[in-house]
Amino acid sequence: MERAQDRLAAGPRLTVVPEGDERRFALWDLASLVEGELGERVDPGALAPDAERRWRERLGESGREWPGGELYRRRYWVLGPGGAVAGTVAVDNWTRGPGQLAVSSLYLRPEARGCGLAAGVLADVYGAAVAEGLPGYRLEAHWTWQHAVRYYLRRGLWVVGWKHSLALARMPQLPPYRVREEDGRLLLLVEDGAQGWVPLLAAGREGRWLRLDETAAYRGTDGWVHGYARSTLALHLALAGRPLVRGPQWWAEAWRWADTGEPEGLAYKIEHFEQLAAAAGRRVVTPYRPVCP
């Protein structure tokens, strides 16, 4: 872990937040929360104490500052052209899942977006992890943070769970994948060096229910791909407003996959995530329609 962190600190894109700059990082982290949860943009460099207090009060528990928790992660400034600070990222000092680096607080000022900085940061984290024998990285995103969720899927991250929020990962054991529409269905395909892009799963409709078909290639897989292909396609379906439930009998068992697995488990958790957001006074705008058996 320490060697991986040192690799990140030595790269040209990141610099460790120095001692005494923690408050400034906290304000940038707050700007990320405000945009993600409340849909409003604030300038982290112009947040006066009164404004900070008001934003934290609106955010409630998620806006609470945890100074002691900073000891358990290393914080970095993301540098833009010319070396100016353009954003933030943090990497935990312990691993998650099967020994992966844990990424959080990835945020860029609006004017620094669209030029590949965030993609470069994620590539650097992945490279540092793999170079030190760690199986990639993992990060989490709230379902209602639609912009972030869609961005991470565009980066090719696999969906590995949804216990407290959506958990996504990039691992050497997981090949590049694509999701494309064909004949009214969404297909999940993985890259195979010998065969090109191989379809594993196909998802379509049967009336208002989901139809999920496995290919022979999927039935022949095992390990990480077999475990995460269904959850990854499920999130793509949800973002496309497609059904996730194969029928009333599947919905009755949805709680069994409340951490990861079958698409019904994601439908179950999406309803939970949206209820929590609404109860906290958040405006919930997502493409997924609740299940009405």
Side-chain angles (χ1 to χ4, degrees), residues 3-4 7-8 11 13 95-103 116 118-141 148-162 166-206 210-240 242-244 246 257 259-266:
R3 292 195 303 268
R7 283 182 178 271
L8 288 174
R13 213 180 322 259
T95 58
R96 297 281 183 89
Q100 298 158 314
L101 291 179
V103 180
V121 169
L122 292 177
D124 290 348
V125 173
Y126 182 75
V130 173
E132 298 300 339
L134 299 171
Y137 67 82
R138 177 182 294 225
L139 55 80
E140 294 191 355
V149 172
R150 293 173 186 276
Y151 174 77
Y152 293 134
L153 289 186
R154 290 199 302 271
R155 301 308 313 163
L157 273 64
W158 288 72
V159 180
V160 298
W162 42 67
L166 301 174
L168 303 103
R170 182 182 176 191
M171 303 169 60
Q173 301 93 329
L174 292 170
Y177 76 87
R178 291 177 179 172
V179 173
R180 75 181 186 210
E181 185 164 0
E182 184 177 292
D183 298 328
R185 302 182 302 168
L186 290 189
L187 306 182
L188 184 141
L189 308 93
V190 295
E191 187 177 46
D192 183 294
Q195 303 181 56
W197 290 95
V198 178
L200 298 184
L201 298 169
R205 288 179 180 268
E206 283 190 339
L210 166 70
R211 172 167 179 167
L212 184 64
D213 296 319
E214 303 171 355
T215 68
Y218 176 77
R219 291 190 290 272
T221 64
D222 56 15
W224 302 111
V225 173
H226 193 277
Y228 295 143
R230 299 167 90 85
S231 54
T232 299
L233 180 58
L235 183 54
H236 281 271
L237 287 167
L239 292 172
R242 303 291 185 90
L244 292 177
R246 283 166 281 186
W257 305 287
D259 290 353
T260 190
E262 299 291 349
E264 288 78 13
L266 178 58

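Positions are given from 1, in the same order as the sequence printed here.
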**Q** Within the 4.5 Å heavy-atom criterion, are Pro98 and Gln100 side-chain neighbours or not?
**A**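 Pro98 vs Gln100: side chains touch.
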**Q** Compare every heavy atom of Val198 with every heavy atom of Ala217, then report the nearest pair and how far apart it is.
**A**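 Minimum heavy-atom separation between Ala217 and Val198: CB-CG1, 3.6 Å.
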**Q** Show, in sequence, the C-alpha distance, side-chain angles and deciding distance for Arg230 and Glu214, and conclude whether the salt bridge (charged side-chain N to carboxylate O under 4.0 Å, His left out) test is met.
**A** CA-CA 10 Å; Arg230 299 167 90 85; Glu214 303 171 355; 2.8 Å; yes
**Q** Work out which heavy atom in Leu235 is nearest to a heavy atom in Val159; give both atom names and the distance.
**A**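 Of all heavy-atom pairs spanning Leu235 and Val159, the closest is CD2-CG2, 3.5 Å.
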**Q** Would you say the side-chain atoms of Arg150 pair up with the backbone N or O of Leu239, donor to acceptor, closer than 3.5 Å?
**A**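 Answer holds: yes.
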**Q** Could you give the distance from CG (Leu201) to CZ (Arg219), rounded to the nearest 0.5 Å?
**A**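 Result: 10.0 Å between the selected atoms.
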**Q** Among Trp224, Trp158, Tyr228, Tyr218, which residue meets the ring pair (Phe, Tyr, Trp, His ring centres under 6.0 Å) test with Tyr177?
**A**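 Single pass found, and it is Trp158.
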**Q** How close do Gly204 and Arg185 get, heavy atom to heavy atom, and via which atoms?
**A**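 That would be CA-CG, 4.0 Å.
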**Q** Taking the side chain as C-beta and beyond, is there a heavy-atom pair between Val179 and Leu237 under 4.5 Å?
**A**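 No, their side chains stay 4.5 Å or more apart.
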**Q** Do other residues, nucleotides or ligands put more than 12 heavy atoms under 6.0 Å from Arg205 CZ?
**A**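 Result for CZ/Arg205: enclosed.
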**Q** Which value, rounded to the nearest 0.5 Å, describes the distance between Arg96 atom CZ and Glu140 atom CD?
**A**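 Reported value, rounded in 0.5 Å steps: 6.0 Å.
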**Q** Looking only at heavy atoms, what is the nearest atom pair of Glu191 and Pro175, with distance?
**A**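 Looking at all heavy atoms of both residues, the shortest contact is O-CB, 3.9 Å.
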**Q** Please confirm whether the backbone N or O of Val160 pairs with a side-chain atom of Ser231, one donor and one acceptor, at under 3.5 Å?
**A**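 No: the side chain of Ser231 does not pair with the backbone of Val160.
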**Q** Would you give the length of the straight line joining atom CZ of Arg170 to atom CG of Leu157, rounded to the nearest 0.5 angstrom?
**A**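 Arg170 CZ to Leu157 CG: 8.0 Å, rounded to 0.5 Å.
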**Q** Is there a side-chain contact between Pro176 and Trp197 (heavy atoms, below 4.5 Å)?
**A**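 Pro176 reaches Trp197 side chain to side chain.
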**Q** Donor-acceptor pairs under 3.5 angstrom involving side-chain atoms of residues 124-131: please list them, not counting sequence neighbours.
**A**
unit_1, atom_1, unit_2, atom_2, d
Asp124, OD1, Arg13, NH2, 3.3
Asp124, OD2, Arg13, NE, 2.8

**Q** Which atom pair, heavy atoms only, marks the closest approach of Val149 to Ala141?
**A**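 Closest approach of Val149 to Ala141: CG2-CB, 4.0 Å.
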**Q** How far apart are the closest heavy atoms of Ala240 and Leu186, and which atoms are they?
**A**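 Taking Ala240 first and Leu186 second, the nearest heavy atoms are CB-CD1, 4.3 Å.
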**Q** Report the distance from atom CG of Leu188 to atom CZ of Arg178, rounding to the nearest 0.5 Å.
**A**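 The CZ atom of Arg178 is 12.0 Å from CG of Leu188, to the nearest 0.5 Å.
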**Q** Say you draw a straight line from CG of Leu139 to CG of Leu166; how long is it, rounded to the nearest 0.5 Å?
**A**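 Reported value, rounded in 0.5 Å steps: 10.5 Å.
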**Q** Counting C-beta onward and ignoring hydrogens, is there a side-chain heavy-atom pair between Leu233 and Leu212 closer than 4.5 Å?
**A**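 Side chain of Leu233 against side chain of Leu212, heavy atoms only: contact under 4.5 Å found.
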**Q** Roughly how far, to the nearest 0.5 Å, is the CG atom of Asp213 from the CG atom of Leu200?
**A**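 Nearest 0.5 Å value for the CG-CG distance: 13.0 Å.
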